[in-house]
Number of protein chains: 2
Amino acid sequence: MASRAKATILDIARQAGVSKSTVSLVLQGSGLIRPETALKVRKAIEDVGYVYNRGAANLRKAHSNVIGMVINDLTNPFFAELAVGMERVFQSAGVVPFIANTAENPVRQEEVLKSLMEQGVAGLVVSPARGTTPGAFRRVEAAGVPVVFVMRRLPESRIPVITPDNHRGAYLATAHLIGKGHRRLAFFGGSSDLVVYHERLGGFREACEALGIAPADRLVFEGETSRKGGIACLETALAMAAPPTAALCFNDAVAFGVLLALRKRGLEPGADFAVVGFDDVAEAEHYMPALTSVSVNTAGLGERAAHVVLKMIQSRTTRAEDHIGAVNLVVRESCGPDRKEHGCAGMGDAA
Amino acid sequence: MASRAKATILDIARQAGVSKSTVSLVLQGSGLIRPETALKVRKAIEDVGYVYNRGAANLRKAHSNVIGMVINDLTNPFFAELAVGMERVFQSAGVVPFIANTAENPVRQEEVLKSLMEQGVAGLVVSPARGTTPGAFRRVEAAGVPVVFVMRRLPESRIPVITPDNHRGAYLATAHLIGKGHRRLAFFGGSSDLVVYHERLGGFREACEALGIAPADRLVFEGETSRKGGIACLETALAMAAPPTAALCFNDAVAFGVLLALRKRGLEPGADFAVVGFDDVAEAEHYMPALTSVSVNTAGLGERAAHVVLKMIQSRTTRAEDHIGAVNLVVRESCGPDRKEHGCAGMGDAA
DNA sequence: CCTATTAAATGGAACGTTCCAATAAATCAA
DNA sequence: TTGATTTATTGGAACGTTCCATTTAATAGG
């Protein structure tokens, strides 16, 4: 059944008794071919066990149907969700996206981009690795390949960005905590080499200022954007003379870490210490306690990013508008009941 | 800086004042070229903004350096971990793997495989989607492309498989529960269209038989292999006249669901109902309570799979030995303290 | 029946690489 | 000096497609 050397359209042509051009037309679904001929060809294709050689085809055709998705951390469920959102769109557009993971490593990212370019991708959706250098996308841009960034942006870049409204999300969350009666607030996790960090922290600060929290009562703890980072932040914060009573976390992973660390110390998340996450990953809803979080509509952002890159490819441009996605605060249990003044644990039930 | 039409080695040749053959040799790092010539060429490459066209190259070369990883569900952290384990190996072998997600959909899998083949992959590592038909890999095999399955196998296939020792893992976990004093045991989640399911369930059954659990006291609940599935299984089980007191779950996701559902009912996982997971994902250790689970060395399996496919490619064979990875039970809190006879909740502290 | 028109099928020249065989230049042996 | 050998470089024929320009066959118009 399996012939050794791989079959080409010439083999098919011979088998079907037509010319290679005819075979090519059939492969492309051209209507110029008489149905019976097409059928004969299709049978031959089966018989010889043909696999289309896209590399050869791309030599002549303008561009391929391959799109690259470059993700900074696939083991982070948030980015996995994002990737899956994009995938859905690409799939229904008839393109197969190839996913590459950079593991938050700029060098790896460079390699991955190079490889994707060499495959002749038609476009790229990238969530850049932390520490990406300003020039990292120079070659991609020079080659005229459409790129869109998702979730993260580079400080100076002209590349279009699809991102949630981080500032507003953080503002909403912070305002909610203040509304609950908290007066000493912390921002946990993240580091200043991420543009997103500044956006979220900015929202936090603005809410504190607008709603009358003294600068001395807002505490910022940088840290890893992971469970571990959250644990560390909480430890540091609770070791203070006057610890905060609530925290907005850079993302849900950090928040999960905080919940965990609270439990470990025998504190009740929500009642003893309020925590709010960011991103609203699927797990947030099912956590114990369920995590209050800023929903960014992850899948929606992914879909949007995919649509934008598809449109860019189609209209052969390398420019597009940025998109700032709407956010909203999903209140669950982790931010606890309303807080009665400065007592240590509130007892009220809800607002 | 960016010329419109993309540069080829001919442009480089012109720029550097050498022949295209020389450029080609430089690109391949051949030692036949005089160092100063090579330098001149490399400079020209930079100047014209050249991107290597791997498609064109593959037309002449035997096979590409692309390897495909086909994953059934990337949003499942377990498979994400697995993918990352493979990636590490491929990376250090100088190949860039492209990851494709099938979302547990055989039709999607078919498309993805087709696309990967068309790109001319040198090899494939696949964790087949549930419901994959027996013939799904016929064309891949016919084309002589090395494939290895990881974690899952197809009933009849000759394709090599890398998988943990599911039977033994389930046996160990079940024996542990019985050792704790449980006499009415359940197996939660999974469905019989997965070979893994039968392996794990087999281990469960064998342990029950060997250690004197009456057939009537071992309960099997099929269900989704997700948190939701776990929740559903627990609900059904507890609704029984004589409910089980412990469960071995098909995987950690199911186990997490069970822990959640227990809490929702006001039951204390471990003390009131023992649960053991399977796979030992990173999260298991950090859960509340920490989940007892069968560790399968996820990353190690991924690495092994990657090595096997690399070796197959290198030795141009399509055969390899199966590999059954060692497992071990990681005991944490979710299986609770030793159980004193048939009381409803144990009070002892540890063994 | 001949010519115009339409429909279907085809040959051949690209596309950007690799690699073999061949050439040119440099070095060496005598 | 001359031929043999080694070292660098090069032209050209593939590789498997697409697509333009043609050819061939079928149909219609008069």
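Here is how names work: the chains are called A, B, and so on, in the same order as the sequence lines, proteins then strands, and each is numbered from 1.
Judged by atom type and distance alone, A/R60 reaches the base of D/dT18 through a side-chain donor-acceptor pair under 3.5 Å. Remark: the A/S19 side chain and the C/dG11 base include no donor-acceptor N/O pair separated by less than 3.5 Å. Remark: the A/K6 side chain and the D/dG16 base include no donor-acceptor N/O pair separated by less than 3.5 Å.
Between B/R34 and D/dT9 there is a side-chain N or O to OP1 or OP2 distance below 4.0 Å. Not one side-chain nitrogen or oxygen of B/S21 sits closer than 4.0 Å to the OP1 or OP2 atom of D/dG12. For A/S24, no side-chain nitrogen or oxygen approaches OP1 or OP2 of D/dT17 to under 4.0 Å. Between A/Q28 and D/dT17, a side-chain N or O to OP1/OP2 separation shorter than 4.0 Å is absent.
Rounding to whole angstrom units, CG of residue A/N53 and C1' of C/dT17 are separated by 13 Å. In this structure, A/R54 atom CZ and C/dC15 atom C1' are separated by 16 Å, rounded to whole Å. Summarising the geometry, the separation between CG on B/L32 and P on D/dA8 is reported as 8 Å, rounded to the nearest angstrom. Here D/dT17 presents its P atom at 14 Å from CG of A/L25, a figure rounded to the nearest Å. For the pair A/L10 CG and D/dT18 P, the interatomic distance rounds to 12 Å; values are reported in whole Å. Per the geometry, CE belonging to B/M117 stands 15 Å off C1' belonging to D/dG16, to the nearest Å. Here C/dG16 presents its P atom at 16 Å from CD of A/E118, a figure rounded to the nearest Å. Taking atom CG of residue A/N58 and atom C1' of nucleotide C/dG16, one finds them 12 Å apart after rounding to whole Å.
Within 4.0 Å (heavy atoms only), B/I33 reaches sugar-phosphate atoms of the nucleic acid but no base atom. Residue contacts shown for A/L27 are absent, as no nucleic acid heavy atom lies under 4.0 Å away. Among the heavy atoms of the strands lying under 4.0 Å from A/T8 are primed sugar atoms or P, OP1, OP2 only; no base atom is included.
Taking for each of B/V18 and B/A56 the nucleotide of DNA chain D with the nearest heavy atom, the 5'-most of the two is the partner of B/V18.
For B/T37, the listed nucleotide lying nearest its side chain is D/dT9; candidates were D/dT9, D/dC19, D/dA13. Side chain of A/Y52, nearest nucleotide from D/dT18, C/dT18, D/dT9: D/dT18.
Atom CZ of A/R152 has more than 12 neighbouring heavy atoms from other residues, nucleotides or ligands inside a 6.0 Å radius.
A donor and an acceptor atom, one from each side chain of B/T22 and B/S19, are located under 3.5 Å apart. With hydrogens and angles left out, the side-chain atoms of A/Q119 and A/S115 include no donor and acceptor closer than 3.5 Å.
Without hydrogens or angle criteria, A/T132 side chain to A/A129 main chain gives a donor-acceptor distance under 3.5 Å.
A salt bridge links B/E111 with B/R108: the closest approach of a Lys/Arg side-chain nitrogen to an acidic carboxylate oxygen falls below 4.0 angstrom. Electrostatic pairing of B/K40 and B/E36 does not count as a salt bridge here, judged by no charged N lying under 4.0 Å from a carboxylate O.
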